Each structure stands twice: as C-alpha cells, then as structure tokens.
Amino acid sequence: LPFSAAANLRPGAEQKVVFITARVHPGETPSSFVCQGIIDFLVSHHPIAKVLRDHLVFKIAPMLNPDGVYLGNYRCSLMGFDLNRHWANPSPWAHPTLHGVKELIIDMYNNPKINLEFYIDIHAHSTMMNGFMYGNIFEDEERFQRQAVFPKLLCQNAEDFSYSSTSFNRDAVKAGTGRRFLGGLLNDTSYCYTLEVSFYSYILGGTAAAVPYTEEAYMKLGRNVARTFLDYYRLNSLVEGPLAPTPKTW
C-alpha cells in the first residue's frame with residue numbers, strides 16, 4: 001500500500017493524529033479483537049480506509065500489558081501493577097510500556113506540526129452489555145458537548161454500540177487512567193475516551209434479545225470505529241466511486 005505517497009506523511013506536513021491503545025488489562029481479550037478490526041480495516045484497500053490514511057495519522061499500541069497477557073493475569077502486570085492507574089507518573093522500570101507510550105504522546109503533543117486529536121483506550125466490560133464509551137467532564141459546556149459528537153456518530157454506524165450506556169465522569173478512582181490523565185493534560189481540541197465492549201453480548205435497539213458477541217463481531221465494532229472518523233471529519237465526499245449503502249451490520 002502506498003502509505004508514503006500520502007500528503008500528511010511528507011516531511012513538515014501538519015498531522016492530525018488518532019492514538020489508540022488496547023489490552024492494558026490482560027484479561028480483557030475482546031479489546032484485542034476490536035483493535036484488530038481497526039488495524040485490519042485501516043491497512044485494507046477499502047476506499048474509506050484510503051481516505052482516512054490520506055488525512056489522518058493513526059498511532060496504535062495494541063497491547064500495553066504484554067507481560068500480563070503472557071502470564072495469563074486478569075488485570076495486573078508482571079510486577080502486580082494495574083497499569084491503568086499509573087498514567088500520572090509511570091516508572092520506566094516498573095511500568096515501561098506505559099512510560100514509553102506516555103513519552104510518545106507528550107512528544108507529539110508538544111510538536112507544533114502535530115495535532116493530537118483523539119486518544120481511545122480499548123477495554124472489555126464484565127457486567128454491562130454492548131459497546132459504549134467513557135468520557136471526561138469539563139467545566140466548559142461547549143467542550144463537553146463537542147466530546148459527545150464522536151460516540152453519537154459511532155452509535156449511528158454500529159448496531160452494537162450504545163450511546164445511552166456512554167457516560168462522562170471524573171470519579172476519583174479513575175484518576176490514574178489514560179482517559180482521565182490525558183483528558184486533563186491535553187488541550188481542548190483533544191478528545192480522550194475509554195471504549196468498552198461487553199464480554200458477553202449486545203442488545204439490538206428496539207428488542208430485548210441479547211446477541212452473543214463473536215470474534216468477528218468484535219472486529220466489526222473495530223471497523224465501525226475506524227469508519228466513524230470519516231463521518232467525524234466529513235470526508236465522505238472524498239471517497240472514490242459510489243459505495244453501496246453501509247448497513248449498521250457493516
């Protein structure tokens with residue numbers, strides 16, 4: 001794929017960056033399938049993917065806790081840390097993956113040629129249904145409303161994503177998470193979310209039927225997350241050739 005031909009990758013070009021992380025909690029395996037769906041779509045030959053590559057830069061860290069995954073831990077790293085509570089001051093010795101990713105994010109944030117516009121951390125939820133998001137609370141009402149735009153668009157594209165389950169909070173217990181810490185660090189043009197997806201199933205709108213998640217359904221949610229950036233940045237008119245109508249099950 002001719003990635004190097006994209007204007008947004010040429011030296012000195014301004015870049016809009018979407019930063020995505022997953023699997024900070026090793027036992028939340030669905031997050032890897034969602035992330036895989038995002039990656040597979042973005043590197044595909046699909047015309048939407050091409051437009052996204054031409055206009056956005058996606059940085060993806062698909063596994064923030066590889067040692068915990070290798071050991072079969074549910075939540076902690078090799079050293080027993082819940083990495084998603086140490087974003088404020090990660091140690092290069094005790095939390096090396098977190099430290100490296102945070103340094104990269106801060107370097108990009110301080111680069112005048114880079115606009116770090118989205119941070120999305122992918123998780124799985126053991127009690128709630130559907131896919132949904134957590135966002136942050138801001139005193140600025142206009143910023144708070146702008147933050148709701150992306151999950152609303154995602155709800156239109158993904159039948160398994162629930163905007164009604166999406167919530168915005170600043171609970172003290174969540175203060176060390178990526179979403180909370182980076183939401184306080186980055187400026188008001190950056191949006192930070194936790195994307196959650198049920199371990200179990202999703203409920204289709206207007207019905208009471210629970211549809212069990214499969215690996216393919218998780219990856220489909222990932223594809224729909226990627227596609228939603230097309231709507232968010234209003235790039236639809238740049239997609240080459242007519243596209244067949246895209247149902248919510250796309």
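Bear in mind the structure is a predicted one, so any value in this text is a computation, not a measurement. We're numbering straight along the sequence, starting at 1.
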message = Given F229, which partner from the list F150, Y191, F41 fulfils the ring-ring contact (aromatic ring centres under 6.0 Å, His included) test?
response = F150
query = So do M79 and W93 actually touch side chain to side chain, heavy atoms under 4.5 Å?
reply = yes
inquiry  = Less than 4.5 Å apart, side chain to side chain, heavy atoms only: is that true for D231 and N236?
reply    = yes
request  = Evaluate the ring planes of H95 and F81, with Trp represented by its six-membered ring, and classify them as parallel (under 30°), tilted (30 to 60°) or perpendicular (over 60°).
outcome  = perpendicular
Among L221, I122, V197, side chain to side chain contact (heavy atoms under 4.5 Å, CB included) partner for P30 = V197
ask   = So, does Q147 use its side chain to make a donor-acceptor pair with the main chain of N136 at under 3.5 Å?
value = yes
task = Apply the side-chain hydrogen bond (donor to acceptor under 3.5 Å, both in side chains) test between E28 and each candidate in H125, R23, H123; give the one that qualifies.
result = H123
task = For atom OH of Y163, decide whether the heavy atoms of other residues, nucleotides or ligands shown that lie under 6.0 angstrom number more than 12.
result = yes
query = Roughly how far, to the nearest 0.5 Å, is the CG atom of L238 from the CG atom of D54?
reply = 9.0 Å
query = Distance only, no hydrogens: is a donor on one side chain within 3.5 Å (strictly under) of an acceptor on the other, for N73 and H25?
reply = no
key: Residues T21 and Y119: side-chain donor-acceptor under 3.5 angstrom   = yes
ask   = Is the distance between the ring centroids of Y202 and Y213 under 6.0 Å?
value = yes
query = For K102 and A88, which heavy atoms make the closest approach, and how far apart are they?
reply = NZ-O, 2.8 Å
key: Residue pair Y134 / T166, side-chain heavy-atom distance below 4.5 Å   = no
ask   = Do E103 and H99 come within less than 4.5 Å of each other through their side chains, counting heavy atoms only?
value = yes
message = I want to check something: taking the side chain as every heavy atom from C-beta on, are L56 and V17 in contact at a cut-off of under 4.5 Å?
response = no
ask   = How about T228 and N157: does a side-chain donor come under 3.5 Å of a side-chain acceptor?
value = yes
